[in-house]
Amino acid sequence: MAPARTRVNSLHVAVIGAGAAGLVAARELRRENHSVVVFERDSKVGGLWVYTPNSEPDPLSLDPNRTIVHSSVYDSLRTNLPRECMGYRDFPFVPRPEDDESRDQRRYPSHREVLAYLEDFAREFKLVEMVRFKTEVVLVEPEGQKWKVQSKNSDGISKDEIFDAVVVCNGHYTEPRVAHVPGIDSWPGKQIHSHNYRVPDQFKDQVVVVIGNFASGADISRDITGVAKEVHIASRSNPSTTYSKLTGSNNLWLHSMIDSVHKDGSIVFQNGKVVQADTIVHCTGYKYHFPFLNTNGYITVEDNCVGPLYKHVFPPALAPGLSFIGLPWMTLQFFMFELQSKWVAAALSGRVTLPSEDKMMEDVTAYYAKRESYGQPKRYTHRLGGGQVEYLNWIAEQIGAPPGEQWRYQEIDGGYYRLVTQSDTFRDKWDDDHLIVEAYEDFLRQKLISSLPSQLLES
């Protein structure tokens, strides 16, 4: 849809969350002359990337009345992708400043460096002034043609306000998904979800089974091998006969999925192997969760599919007044947040016109049909993967922005390939230095940096 020629008055917009999505949404909304209030339940910006050593009292996070800890970051976490491709387009994720020893200069830095980057971003664009910290949104619902937002501050004082639009940026790494394991109710061992994992100490001398072998599963299983007696990874992506000791480790084995567990403490894998285990760690992902949102049943979350949503962003009957930033996964997250935010801000200002409700619903229905024709489960509705370039470039076209840079897309493709094929070493060994050079030369050409990094010049 081509940008419209007319512009409407600026709107009063609520943004829920001051993480990586909420921060860039606030910036883009203000750039379109909207007035913005960002609601953040924590005391600082950063969302997911704000590390805390605390975890929830319920290790599986199944108790609805539990005290919720919103971060899922573990102490040893480093990024899964190279920093050059991770950042916002006009504020690249480069070492800042280069001579500050407190900062992590590595290409795959720690979670602390990502948080520092987001704090730099908020400071650079003066975003903190828009944020109400320690304020939780407890209800969002339509109020005529506008939206009522009810919030509660740290003193327990509630407040009702009316906004022209609401942008949901609350993230999706707080409500864990737990694997179904036959016999688990009678199994006597301990269970924990990766959401509540911080450090490996609790697994000293234990036999541990980790369910899941992507990202957090691969990280955590290797993190605990230093203290555990044995670590066994169960992965549904492996053939049922899979059984191998991982190279470079003397206590880490890869299996097919769990077949059953038993009251004597044994775990039987589909490959027929049996282990006596102390703990199961569920590295099985998260659920989309919007406990504050009341749309009279219009928006649902079924098998982790949030819908109906046009292009993962706009609910057709409620657009553009309600929108979601950051739902898709297996993509360039910050870059996607930025493009989606520009689209939302432009649609609210009238600079870009959305299709009719009927046309948007047709597109949603066609997308679901395409997913089903490929045999993809419903829970993969928001998984971009190989379709991310088409999706991101489509949004860029809607707002009149250039498509994503080729070096950026090549870096994420190579990054995911190395993550899968060399999970032990991908963060410290790579073969795409030419893409690093392309990225930094691009930043220099756009005057986003003043010089090439010394380590790049040395190489």
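Just so it is clear, the values below take in all heavy atoms, side chains as well, and ignore hydrogens, waters and symmetry mates.
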Next item on the list: Please say whether the positively charged group of Lys263, taken as NZ for Lys or CZ for Arg, lies over the ring of Trp187, i.e. under 6.0 angstrom from the six-membered ring centre and within 45 degrees of the axis.
Entry: no

Notebook entry, point to check: Between Glu28 and Ser341, does any side-chain donor sit less than 3.5 Å from a side-chain acceptor?
Noted result: no

Check: Do the rings of Phe334 and Tyr88 sit parallel, tilted or perpendicular, given the 30° and 60° boundaries?
Finding: parallel

Notebook entry, point to check: Is any side-chain heavy atom of Ile220 closer than 4.5 Å to a side-chain heavy atom of Tyr74?
Noted result: yes

Next item on the list: Fit a plane to each ring of His172 and Tyr288, take the angle between them on a 0 to 90° scale, and name the class: parallel (under 30°), tilted (30 to 60°) or perpendicular (over 60°).
Entry: tilted

Check: With respect to Phe292, which candidate in Leu139, Val168, Val166 satisfies the side-chain contact (heavy atoms from CB on, under 4.5 Å) definition?
Finding: Val168

Margin query: Determine whether Asp160 and Gln150 satisfy the following criterion, side-chain hydrogen bond (donor to acceptor under 3.5 Å, both in side chains), listing intermediate values before the conclusion.
Written below: CA-CA 4 Å; Asp160 288 358; Gln150 184 180 100; 3.1 Å; yes

Note to self: Within 45 degrees of the ring normal and closer than 6.0 Å to the centroid, is that where the cationic atom of Arg96 sits relative to Tyr117?
What the structure shows: no

Margin query: Less than 4.5 Å apart, side chain to side chain, heavy atoms only: is that true for His255 and Thr242?
Written below: no

Next item on the list: Determine, step by step, whether Ile224 and Val210 satisfy the side-chain contact (heavy atoms from CB on, under 4.5 Å) criterion, reporting the C-alpha distance in whole Å, the side-chain angles of both residues, the deciding distance to 0.1 Å, and the verdict.
Entry: CA-CA 10 Å; Ile224 63 181; Val210 176; 4.2 Å; yes

Check: Hey, are the side chains of Val45 and Phe121 touching, using non-hydrogen atoms and a 4.5 Å cut-off?
Finding: no

Checklist line | Sole residue of Arg83, Arg418, Arg107 in salt bridge (Lys or Arg N to Asp or Glu O under 4.0 Å) with Glu411 | finding: Arg107

Checklist line | Cation-pi check, Arg371 onto Tyr380 ring (under 6.0 Å, within 45° of axis) | finding: no

Notebook entry, point to check: Which word best sums up how the rings of Phe269 and His232 line up, parallel for under 30°, tilted for 30 to 60°, or perpendicular for over 60°?
Noted result: tilted

Note to self: Within the 3.5 Å criterion, strictly below it, is a donor on Asn54 or Arg198 matched to an acceptor on the partner's side chain?
What the structure shows: no

Notebook entry, point to check: Quick one: is the NZ or CZ of Arg177 closer than 6.0 Å to the six-membered ring centre of Tyr286, and within 45° of its axis?
Noted result: no

